[in-house]
Amino acid sequence: MLNTGIRAVDHYAPEKIVTNDDLSQIVDTSDEWIYTRTGIKQRHLSTGEDTSQLCIEVAKRLLEKSGTSPEEIDLIIVGTISPDYATPSTACLVQGAIGAVNAFAFDISAACSGFVYALSIADKFIKSGGYKKAIVIGAETLSKIVDWKDRSTCVLFGDGAGGVIVEPVDKGGILAEDMHSKGEDGLKMTGNERKPENMLCTPESENNPYLVMDGRAIFNFATKVVPHSVNEIIEKSGISMDDVKYIVPHQANSRIIDIVARKLNVPIEKFYLNINEYANTSAASIPIALGEMSEKGLLKKGDKIIVTGFGAGLTWGSMLIEW
């Protein structure tokens with residue numbers, strides 16, 4: 001059976017950088033306070049680019065890098081919780097902008113697990129045999145749904161996008177996955193709330209358009225499920241951790257990743273980290289990291305990596321990929 005391999009990977013972030021010191025001018029915080037608790041030093045923020053524009057730039061780069069024409073693309077999936085509109089989907093806006101006239105397109109909402117979920121979906125379409133090339137993007141403009149007066153959340157997030165082109169391969173590619181959700185704890189993190197309001201009903205409380213998070217609950221959740229998910233991947237695939245060159249986690253908090261590394265008994269050097277530059281970009285964080293790793297020449301043919309995402313929903317998932 002054919003596997004799904006990554007043909008190209010790339011990323012894009014808005015040019016404007018906002019440091020922790022910059023944030024200390026608008027909320028009661030400091031560089032020391034933010035960095036020691038999160039590992040974040042700065043983040044890229046949009047000065048007007050919306051999520052679809054970030055995605056379109058990534059898609060164009062992927063096509064150019066892979067030598068693929070837009071007409072060859074069969075499928076476009078975007079993972080995001082900060083789309084331009086409820087409808088049309090961000091993926092449809094990308095499809096129209098790049099001229100991928102033969103592709104069908106849709107978004108998925110799985111927060112920080114969005115890219116891993118989207119890649120899992122694309123994998124199934126490729127393995128069906130009916131689709132040859134898919135663009136999978138994780139992208140967020142979280143700055144538009146963050147309360148910039150709330151220091152508990154505004155220091156954590158940034159904007160950006162990353163993605164891949166996937167296609168059938170004879171060997172390697174996506175080798176194993178482990179996907180989960182826990183909806184009973186879904187309200188531990190919410191965003192862009194919209195209650196029913198019409199001629200028949202009026203909400204008892206106002207909508208909250210911003211990201212709201214029980215930080216301690218999410219921290220405890222992530223440090224529990226991520227090590228288990230990574231171990232499940234190792235067990236399912238029949239390899240050892242020594243065979244894995246890198247673990248590429250969702251970039252949420254450096255403390256979370258430190259605890260995960262200790263629980264897995266894996267040196268922190270095996271984890272690729274860039275949270276200091278980008279902060280938490282939700283669905284974009286893993287593909288941004290992969291894009292950077294590719295640029296730096298860290299990913300060689302035959303390398304095995306594990307990507308692992310976790311976040312609101314609650315959702316989490318991991319994949320073993322042979323480059």
Side-chain angles (χ1 to χ4, degrees), residues 3-15 44 54-70 72-73 75-79 94 98 112-120 122-123 126 133-140 158-177 233 243-251 257 268-309 317-323:
N3 287 347
T4 301
I6 294 177
R7 171 74 178 273
V9 57
D10 216 320
H11 69 290
Y12 174 74
E15 183 177 349
H44 295 247
L54 305 182
C55 291
I56 290 164
E57 180 61 29
V58 169
K60 288 178 177 178
R61 293 182 180 194
L62 290 170
L63 292 174
E64 181 177 0
K65 180 177 283 188
S66 64
T68 302
S69 71
E72 293 180 80
I73 301 299
L75 168 65
I76 300 172
I77 310 175
V78 173
V94 174
I98 66 173
C112 306
S113 307
F115 176 75
V116 179
Y117 270 40
L119 189 56
S120 174
D123 173 51
I126 295 294
K133 292 184 187 294
I135 292 177
V136 180
I137 297 173
E140 304 288 5
D159 301 333
V164 296
I165 287 181
V166 294
E167 63 185 10
V169 292
D170 292 326
K171 59 181 296 185
I174 297 171
L175 302 180
E177 68 172 43
I233 287 288
D243 297 319
V244 177
K245 186 173 183 182
Y246 290 105
I247 297 173
V248 186
H250 165 51
Q251 311 285 314
I257 298 168
I268 193 66
E269 291 76 19
K270 186 168 284 215
F271 289 76
Y272 184 83
L273 303 177
N274 63 3
I275 189 173
N276 62 317
E277 178 179 348
Y278 294 96
N280 183 342
T281 55
S282 188
S285 75
I286 290 174
I288 287 175
L290 292 176
E292 280 196 338
M293 294 170 75
S294 178
E295 281 184 353
K296 295 175 180 179
L298 299 178
L299 298 172
K300 309 293 186 183
K301 186 173 177 59
D303 285 347
K304 291 181 175 66
I305 66 170
I306 291 176
V307 298
T308 182
S318 303
M319 280 185 167
L320 174 66
I321 304 171
E322 183 177 319
W323 213 251

For Glu167, what residues pass the salt bridge (Lys or Arg N to Asp or Glu O under 4.0 Å) criterion, not counting sequence neighbours? Arg7, Lys133
Student check: side-chain heavy atoms of Ile6 and Val169 closer than 4.5 Å: no
Nearest-0.5 Å distance, CG of residue Asp243 to CD1 of residue Ile305: 14.5 Å
Residues Trp323 and Val9: closest non-hydrogen pair is CZ2-CG1, 3.9 Å
Between Glu140 and Gly79, what is the shortest heavy-atom contact and its length? OE2-O, 4.5 Å
Within 6.0 Å of CD in Glu64, more than 12 heavy atoms from elsewhere: no
Answer whether the closest heavy-atom distance between the side chains of Leu119 and Ile286 falls below 4.5 Å. no
Quick check against the 3.5 Å criterion: does Asn3 have a side-chain atom that pairs as donor or acceptor with the backbone of Gly172? yes
Exam field: side chain Glu72 to backbone Ser69, donor-acceptor pair closer than 3.5 Å: yes
Ile135 side chain near Val94 side chain, heavy-atom distance below 4.5 Å: no
Any donor-acceptor pair under 3.5 Å linking the side chain of Gln251 with the backbone of Ala284? no
Is there side-chain contact between Ile174 and Ile126, with at least one heavy-atom pair below 4.5 Å? no
Would you check if Leu54 and Pro14 make a side-chain contact, meaning some heavy-atom pair closer than 4.5 Å? yes
Passes side chain to side chain contact (heavy atoms under 4.5 Å, CB included), Leu63 versus Ile165? Steps please. CA-CA 8 Å; Leu63 292 174; Ile165 287 181; 4.2 Å; yes
Show, in sequence, the C-alpha distance, side-chain angles and deciding distance for His11 and Arg61, and conclude whether the side chain to side chain contact (heavy atoms under 4.5 Å, CB included) test is met. CA-CA 8 Å; His11 69 290; Arg61 293 182 180 194; 5.8 Å; no
Mark yes when over 12 heavy atoms from residues, nucleotides or ligands other than Lys60 sit less than 6.0 Å from its NZ; otherwise mark no. no
Would you name the heavy atoms of Val166 and Ala122 that are closest together and state the gap between them? CG2-CB, 4.3 Å
Do the side chains of Tyr117 and Ile77 get nearer than 4.5 Å, heavy atoms only? no
All heavy atoms of Ala289 vs all of Asn274, minimum pair found to be CA-ND2, 3.7 Å
Nearest 0.5 Å please: distance from the CD1 atom of Ile247 over to the OG1 atom of Thr308. 8.5 Å
Restricting to non-hydrogen atoms, name the atom on Lys270 and the atom on Val244 that form the minimum distance, rounded to 0.1 Å. NZ-O, 2.7 Å
So do Glu292 and Tyr278 actually touch side chain to side chain, heavy atoms under 4.5 Å? yes
How far does OH of Tyr12 sit from CG of Asp159, to the nearest 0.5 angstrom? 11.0 Å
Straight-line distance of Lys304 NZ to Lys245 NZ, nearest 0.5 Å: 12.5 Å
Between Asn280 and Cys112, which heavy-atom pair has the shortest distance, and what is it? OD1-SG, 4.1 Å
Look up atom CG in Leu175 and atom OG1 in Thr4, then write down how far apart they are to the nearest 0.5 Å. 10.5 Å
Heavy-atom side-chain contact between Ile306 and Pro249 under 4.5 Å: no
Quick check for you: to the nearest 0.5 Å, what is the distance between Phe115 atom CZ and Thr281 atom OG1? 11.5 Å
